[in-house]
Amino acid sequence: MYAITINAPGGPEVLTWTEVPDEEPAAGEVLVEVAAGAVNRADLMQRQGFYPPPPGASPYPGLEVSGRIARLGPGVSGWAVGDEVCALLAGGGYAEYVRVPVGQLLPVPRGIGLVESAALPEVATTVWSNVFMVAHLRPGESFLVHGGAGGIGTMAIQLAKAVGARVFTTVGSPEKAAVCRELGADVAIDYRTEDFVARIAEETGGSGVDVILDNMGAKYLARNIDALAVNGRLVIIGMQGGRKAEIDLSALLNKRAAVAATTLRSRPLAEKAAIVAAVREHVWPLIAAGRVRPVVDRIVPMREAADAHRLLESSGHVGKVVLSVGEEPGTTPPGTAAP
Ligand SMILES: NC(=O)c1ccc[n+]([C@@H]2O[C@H](COP(=O)([O-])OP(=O)(O)OC[C@H]3O[C@@H](n4cnc5c(N)ncnc54)[C@H](OP(=O)(O)O)[C@@H]3O)[C@@H](O)[C@H]2O)c1
């Protein structure tokens, strides 16, 4: 089989479509013939040598795929060869075949194409587990997601809106603000020209937001706590703005606020399976009903993964960039992927 390999840590040019040994599913796994994968920020870090695969994971990048089950490993039931699936991975998605633990398989949601469905597993599991299982966002509460036009952001806006929250987001341009409002954001704040803390204070009558999903880490830590409401919950999932910061704990104490930080990739299989099951129960029906959709910026041939990495690095995308193995590359206008 062929896979994208990383010859040595470096720029996008180190991603090479290479012949590699075939994969065999172990007990409790299936082998998926990949139709498409999708790009995540973590893949960029792995390529640069900053985010090595966890022990036992494939050395190839790729945290999610869609495709058809090609083979069942020993002890697998409930799935059949030929089933169309998408899957959450600890690695190995930039390849023609990938081994997947059964607990990380999802059926392709009703109404979604096989290739487009590769854009769903990572964002659906990350947003559901953090915003709903950790921060317990409830109907009627307010929610801020930073980077609303990114992969995580486009899913977070839609899910928070679907459960009846008031949704705030930050974006890097007026065009991206428009996409976020179309997805359901009530307030889109341009982080290049506006102070999000002041704008949230203004919009909420000074009370702040109940839940924040943060991708920036250190750079926004103090400001996020300022923007939180009493009993607010901040969940940090990214460190795009650095990993070390100082905060005034009295701000947290006075607000009785909570700060959590999580990562999905290195969690035990049982935890990932529980998250995947919760996503199937709560998110998949919203997708099947057309209330939540994958936002696919474009579909790039997987062998040209380097171009997809350049696009993410320049923040030139909206939503997800999908890597197609077959003959289905093409472009959909930002924010308008088929529901
Ligand atoms: N912990 C986990 O388990 C987990 C899982 C998945 C993803 N993540 C993290 O979640 C983050 C988003 O991932 P993604 O796949 O959605 O990546 P992405 O599509 O590349 O999105 C990155 C976003 O960051 C935004 N951004 C850049 N500078 C910003 C700033 N100063 N203020 C606010 N937003 C800013 C960009 O906004 P503009 O394009 O509008 O400039 C863009 O929307 C990444 O940090 C990733 O590592 C974590």
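Below, each value reflects all heavy atoms present in this structure, side chains not excepted, and no hydrogens, waters or symmetry copies. In each ligand, atom 1 is the first atom listed, and ligand 1 is the first ligand listed.
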Student: Output the list of atoms in ligand 1 that are nearer than 4.0 Å to some heavy atom of V171, sorted by atom number.
Tutor: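 By the 4.0 Å cutoff, the relevant atoms are 40 (O).
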Student: Which one holds for M45 and ligand 1: side chain close, backbone close, both close, or neither close, with close meaning a heavy atom under 4.0 Å?
Tutor: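 Under 4.0 Å from ligand 1, M45 contributes no heavy atoms.
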Student: Would you say G238 and ligand 1 have an N/O pair spaced under 3.5 Å apart?
Tutor: no
Student: To the closest 0.5 Å, what do you measure between OG1 (T170) and CD (E194)?
Tutor: 11.0 Å
Student: Among all protein heavy atoms, pick out the one at the shortest distance from atom 45 (O) of ligand 1; state its residue, atom name and that distance to 0.1 Å.
Tutor: Q240 OE1, 2.7 Å
Student: If I take atom CD1 from residue I152 and atom CG from residue D214, how far apart are they, to the nearest 0.5 angstrom?
Tutor: 12.0 Å
Student: Mark up the atoms of ligand 1 that fall under 4.0 Å of a heavy atom belonging to T170, in ascending order.
Tutor: 33 (C)
Student: Could you measure the distance from the OG1 atom of T125 to the CG atom of L264? Nearest 0.5 Å is fine.
Tutor: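 Nearest 0.5 Å value for the OG1-CG distance: 4.5 Å.
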Student: Using 0.5 Å steps for rounding, measure from the CD1 atom of I4 to the CD atom of E304.
Tutor: 9.5 Å
Student: Any idea which protein heavy atom is nearest atom 39 (O) of ligand 1, and the distance to it?
Tutor: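 Protein heavy atom at minimum distance: K176 NZ, 2.7 Å.
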Student: With backbone taken as N, CA, C and O and side chain as the heavy atoms from C-beta onward, which portion of M216 lies under 4.0 Å from ligand 1: side chain, backbone, both, or neither?
Tutor: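 Near ligand 1, M216 shows its side chain, while the N, CA, C and O stay back.
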Student: Please check if the number of heavy atoms outside Y2 that lie under 6.0 Å from its OH is greater than 12.
Tutor: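 Result for OH/Y2: open.
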Student: Find the distance between CZ (R41) and OH (Y51) and round it off to the nearest 0.5 Å.
Tutor: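 Those atoms lie 14.0 Å apart.
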Student: To check your reading of the model: name the closest protein heavy atom to atom 16 (O) of ligand 1, its residue, and the distance in Å.
Tutor: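 Going atom by atom, the protein heavy atom closest to atom 16 (O) of ligand 1 ends up being I152 N, 2.7 Å.
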Student: Inspect the contact between K161 and D186 and indicate whether a charged nitrogen and a carboxylate oxygen are less than 4.0 angstrom apart.
Tutor: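 Looking at D186 and K161, the cut-off is met.
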Student: Could you tell me whether D226 and R223 have a side-chain N and a carboxylate O separated by less than 4.0 Å?
Tutor: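 No, this pair does not count.
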Student: Kindly work out whether a path of hydrophobic side-chain contacts (I/L/V/M/F/W/Y, heavy atoms less than 4.5 Å apart) joins V98 to W79.
Tutor: yes
Student: With heavy atoms of R192 as the reference, note each atom of ligand 1 found under 4.0 Å away.
Tutor: 41 (O)
Student: Going by distance only, is there an N or O of Y220 that falls short of 3.5 Å from an N or O of ligand 1?
Tutor: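 The answer is yes, given that Y220 and ligand 1 share an N or O pair closer than 3.5 Å.
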Student: Identify the closest protein heavy atom to atom 9 (C) of ligand 1: which residue and atom is it, and at what distance?
Tutor: I237 O, 3.6 Å
Student: Which one holds for T262 and ligand 1: side chain close, backbone close, both close, or neither close, with close meaning a heavy atom under 4.0 Å?
Tutor: backbone
Student: Please write down residue, atom name and distance for the protein heavy atom closest to atom 36 (C) of ligand 1.
Tutor: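 Here the nearest protein heavy atom works out to S315 OG, 4.1 Å.
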Student: Counting heavy atoms only, which of G147, A42, S314, G151 is nearest atom 42 (C) of ligand 1?
Tutor: G147
Student: Taking non-hydrogen atoms only, is H317 closer than 4.0 angstrom to ligand 1 via side chain, backbone, both or neither?
Tutor: side chain
Student: Below 3.5 Å, N or O to N or O, backbone or side chain included: is there any such pair between E122 and ligand 1?
Tutor: no
Student: Under 30°, 30 to 60°, or over 60°: which ring-plane class applies to F196 and Y220, parallel, tilted or perpendicular?
Tutor: tilted
Student: Which protein non-hydrogen atom lies closest to atom 21 (O) of ligand 1, naming both residue and atom, and how far is it?
Tutor: G150 CA, 3.7 Å
Student: Note the single closest protein heavy atom to atom 47 (O) of ligand 1, along with its residue, its atom name and the distance in Å.
Tutor: R41 CB, 3.7 Å
Student: Consider every N or O of K320 and every N or O of ligand 1, then say whether any pair is closer than 3.5 Å.
Tutor: no
Student: How far is atom 28 (N) of ligand 1 from the closest protein heavy atom, and which atom is that?
Tutor: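 It is Y191 OH, 3.4 Å.
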Student: Does a salt bridge link K272 with E64, judged by any charged N lying under 4.0 Å from a carboxylate O?
Tutor: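 Judged by the 4.0 Å cut-off on N to carboxylate O distance, K272 and E64 do not form a salt bridge.
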Student: Counting heavy atoms only, which part of L264 comes closer than 4.0 Å to ligand 1: side chain, backbone, both or neither?
Tutor: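 Both the backbone and the side chain of L264 come within reach of ligand 1.
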Student: Can R71 be said to sit on top of Y97's aromatic six-ring, NZ or CZ under 6.0 Å from centre and within 45° of the ring axis?
Tutor: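 Not flagged: R71 not positioned over aromatic ring of Y97.
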Student: Are any of the side-chain heavy atoms of E116 and I299 separated by less than 4.5 Å?
Tutor: yes
Student: Considering distance alone, does some N or O of L312 sit under 3.5 Å from an N or O of ligand 1?
Tutor: no
Student: Is the shortest side-chain N to carboxylate O distance from E203 to R166 below 4.0 Å?
Tutor: yes
Student: Any N or O of G172 that comes nearer than 3.5 Å to an N or O of ligand 1?
Tutor: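 Yes; at least one N/O pair falls below 3.5 Å.
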Student: Heavy-atom contacts under 4.0 Å between E313 and ligand 1: side chain, backbone, both, or neither?
Tutor: neither
